[in-house]
**Student:** 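The structure's right below; bear with me while I get my questions together.
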There are 2 protein chains.
Amino acid sequence: MENKRELFQVLTRRFGLLNKNCCSIGAVDITSVQSHILYEIDKQTSPSMQQIAEAIAMDITTFSRQIQTLIKMELVKKTPSSTDKRVYILSLTVQGKFVATTIDESMNAYLEEVFSHMNEFEKETVIRSIKLLNQAMSKSSVCCTPLL
Amino acid sequence: MENKRELFQVLTRRFGLLNKNCCSIGAVDITSVQSHILYEIDKQTSPSMQQIAEAIAMDITTFSRQIQTLIKMELVKKTPSSTDKRVYILSLTVQGKFVATTIDESMNAYLEEVFSHMNEFEKETVIRSIKLLNQAMSKSSVCCTPLL
DNA sequence: TCTTATTAATTGCATTTTGCAAGTAATATT
DNA sequence: AATATTACTTGCAAAATGCAATTAATAAGA
């Protein structure tokens with residue numbers, strides 16, 4: 001069988017590049033790391049700092065500073081937890097939600113465009129394959145254990 | 001249909017993390033960016049600086065400095081082109097080749113492990129899907145045009 | 001209860017990475 | 001022969017990174 005790494009290297013490089021490109025929304029300009037943070041805050045419900053930092057496998061100190069930046073940009077809000085005063089709950093501001101949604105839409109639009117080069121059967125197959133892959137990776141013991 | 005971005009986000013995050021983890025070979029410790037550079041030099045034949053920088057979509061000035069680092073680490077060699085004195089041809093040193101190969105092997109080992117959670121049919125399907133996806137992405141006009 | 005861990009998050013460095021602008025040297029174009 | 005373009009390198013200055021150490025709050029042990 002062919003070299004699997006080759007296939008994955010190309011795939012992830014492309015997707016990584018996509019992430020890099022897609023982060024300029026009107027006057028707001030964010031990095032791909034920040035885009036990941038927004039995505040994850042949007043996805044989770046009332047997450048703490050730790051939770052998000054862990055989800056994106058980012059050092060907590062770097063994360064803390066990124067959040068400070070995002071707060072200055074008025075994209076993220078930090079609310080003290082009512083049950084544990086050490087904890088801060090992260091949420092998106094209206095503008096932050098808008099940015100996250102816009103990025104999500106443009107990513108999905110891109111993916112739709114990519115999938116438009118396939119027929120219905122291929123689409124289904126590919127989607128199912130990605131799911132399979134995600135499942136298999138989450139079962140794997142070798143790597144990525146902290147992740148998702 | 002379900003949210004495609006979600007699927008891809010998870011997949012590429014996992015793969016990105018894998019890339020991050022897999023870069024300590026004996027006494028040699030390299031970053032994932034450097035691993036990408038080694039990979040690409042190994043793949044291409046007599047590539048110039050520009051070629052590699054473009055392949056991994058990296059700013060040429062940052063790339064130039066990364067190469068300097070890799071040369072200091074004795075993983076990469078820079079040979080002046082005989083036909084064009086502005087150009088440098090990049091190649092891996094013996095040690096660089098060893099590092100690249102070791103990373104490649106450990107990545108493939110990881111992927112084998114991941115695929116071991118699937119049956120033969122699923123494996124084939126997934127591999128074929130990734131290929132399809134790569135083809136579709138290369139056809140796409142939206143993004144990633146400089147890439148591969 | 002009081003003392004001692006443990007945990008969540010922040011700051012203080014020191015290092016590394018990044019990328020634009022400007023530079024040098026060689027080749028291509030006119 | 002003069003000019004433009006190309007390949008690559010340096011000079012900043014800003015940003016990102018991560019370890020060590022700090023603060024404040026909760027949990028656990030005596």
Side-chain angles (χ1 to χ4, degrees), chain A residues 13 16-17 19-21 23-24 28-38 40-41 44-73 75-91 146-147, chain B residues 13 16-17 19-21 23-24 28-38 40-41 44-73 75-91 146-147:
Chain A
R13 190 181 290 167
L17 191 66
N19 260 318
K20 218 183 237 172
N21 286 348
C23 298
S24 209
V28 184
D29 220 12
I30 64 176
T31 68
S32 69
V33 167
Q34 290 166 344
S35 145
H36 269 273
I37 295 175
L38 295 186
E40 202 59 32
I41 294 176
Q44 295 197 25
T45 50
S46 305
S48 70
M49 306 261 301
Q50 297 276 356
Q51 275 165 38
I52 302 294
E54 200 185 319
I56 62 179
M58 191 178 197
D59 183 273
I60 184 70
T61 69
T62 306
F63 181 76
S64 173
R65 278 180 267 247
Q66 284 287 1
I67 290 295
Q68 287 170 30
T69 307
L70 288 168
I71 288 172
K72 271 193 206 113
M73 295 167 86
L75 299 175
V76 166
K77 213 172 30 179
K78 225 173 69 179
T79 316
S81 160
S82 52
T83 56
D84 188 335
K85 286 179 186 170
R86 293 170 302 179
V87 175
Y88 285 97
I89 304 299
L90 297 174
S91 59
L147 208 55
Chain B
R13 192 182 289 167
L17 192 65
N19 261 317
K20 220 183 236 172
N21 286 348
C23 300
S24 209
V28 184
D29 220 13
I30 63 175
T31 67
S32 68
V33 167
Q34 290 166 346
S35 145
H36 268 272
I37 294 175
L38 295 185
E40 202 59 33
I41 293 177
Q44 295 197 25
T45 49
S46 306
S48 69
M49 307 261 301
Q50 297 277 356
Q51 273 165 39
I52 301 294
E54 198 184 319
I56 62 180
M58 191 178 197
D59 182 274
I60 185 69
T61 69
T62 306
F63 180 77
S64 173
R65 279 181 268 247
Q66 285 287 2
I67 290 295
Q68 287 169 30
T69 307
L70 288 168
I71 288 172
K72 272 192 205 116
M73 297 168 84
L75 300 175
V76 166
K77 214 171 30 179
K78 225 173 69 178
T79 316
S81 161
S82 53
T83 55
D84 188 334
K85 285 179 185 169
R86 294 169 300 179
V87 175
Y88 286 97
I89 303 300
L90 298 174
S91 59
L147 209 54

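Convention: sequence-line order gives letters A, B, ...; per-chain numbering from 1.
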**Student:** Contacts to DNA chain C from residues 76-90 of chain B, heavy-atom cutoff under 4.0 Å, which residues?
**Tutor:** B:D84, B:K85, B:R86

**Student:** Please enumerate all residues that pass side chain to side chain contact (heavy atoms under 4.5 Å, CB included) together with B:S35, with sequence neighbours excluded.
**Tutor:** A:R5, B:N19, B:C23, B:I30, B:I103

**Student:** Please list, in 5' to 3' order, the outermost nucleotides of DNA chain D lying under 4.0 Å from any heavy atom of chain B.
**Tutor:** D:dT6 to D:dC12

**Student:** May I ask you to test the B:M73-B:T69 pair for a side-chain heavy-atom distance under 4.5 Å?
**Tutor:** yes

**Student:** Please round to the nearest 0.5 Å and tell me the distance separating atom CG of A:L70 and atom NZ of A:K78.
**Tutor:** 11.5 Å

**Student:** Nearest-Å distance, CE (B:M49) to P (C:dA26)?
**Tutor:** 16 Å

**Student:** Considering heavy-atom distances to DNA chain D, does A:Q34 or A:T61 have its closest nucleotide positioned more toward the 5' end?
**Tutor:** A:Q34

**Student:** Let me know, please, whether A:T31 or B:S64 comes out on the 5' side of the other along DNA chain D by nearest nucleotide.
**Tutor:** B:S64

**Student:** Taking all non-hydrogen atoms of both residues, which atom of B:Q51 and which atom of B:P47 are closest, and how far apart?
**Tutor:** OE1-CA, 3.4 Å

**Student:** Are A:R13 and B:E40 packed together at the side-chain level, in the sense that at least one heavy-atom pair is separated by less than 4.5 angstrom?
**Tutor:** yes

**Student:** Rounded to whole Å, please give me the gap between CG in B:D29 and C1' in C:dT16.
**Tutor:** 14 Å

**Student:** Who passes salt bridge (Lys or Arg N to Asp or Glu O under 4.0 Å) against B:R86, sequence neighbours left out?
**Tutor:** B:D84

**Student:** Could you tell me if the side chain of B:L90 sits less than 4.5 Å from the side chain of B:K77, heavy atoms only?
**Tutor:** no

**Student:** Between B:T62 and C:dG19, is there a contact of a side-chain N or O with OP1 or OP2 at under 4.0 Å?
**Tutor:** yes

**Student:** Under the salt bridge (Lys or Arg N to Asp or Glu O under 4.0 Å) test, which residues partner A:D59, sequence neighbours left out?
**Tutor:** none

**Student:** Can you check the A:Q51 CD to C:dA9 C1' distance for me, whole Å?
**Tutor:** 14 Å

**Student:** Quick one: closest heavy-atom pair of B:M49 and B:F63, and the distance?
**Tutor:** O-CE2, 3.4 Å

**Student:** Looking only at heavy atoms, what is the nearest atom pair of A:S48 and A:V87, with distance?
**Tutor:** CB-CG1, 3.6 Å

**Student:** May I ask you to test the A:K85-A:S81 pair for a side-chain heavy-atom distance under 4.5 Å?
**Tutor:** no

**Student:** Please list, by residue number, the residues of residues 65-73 of chain A whose heavy atoms come closer than 4.0 Å to an atom of DNA chain C; answer none if no residue qualifies.
**Tutor:** A:R65, A:Q68

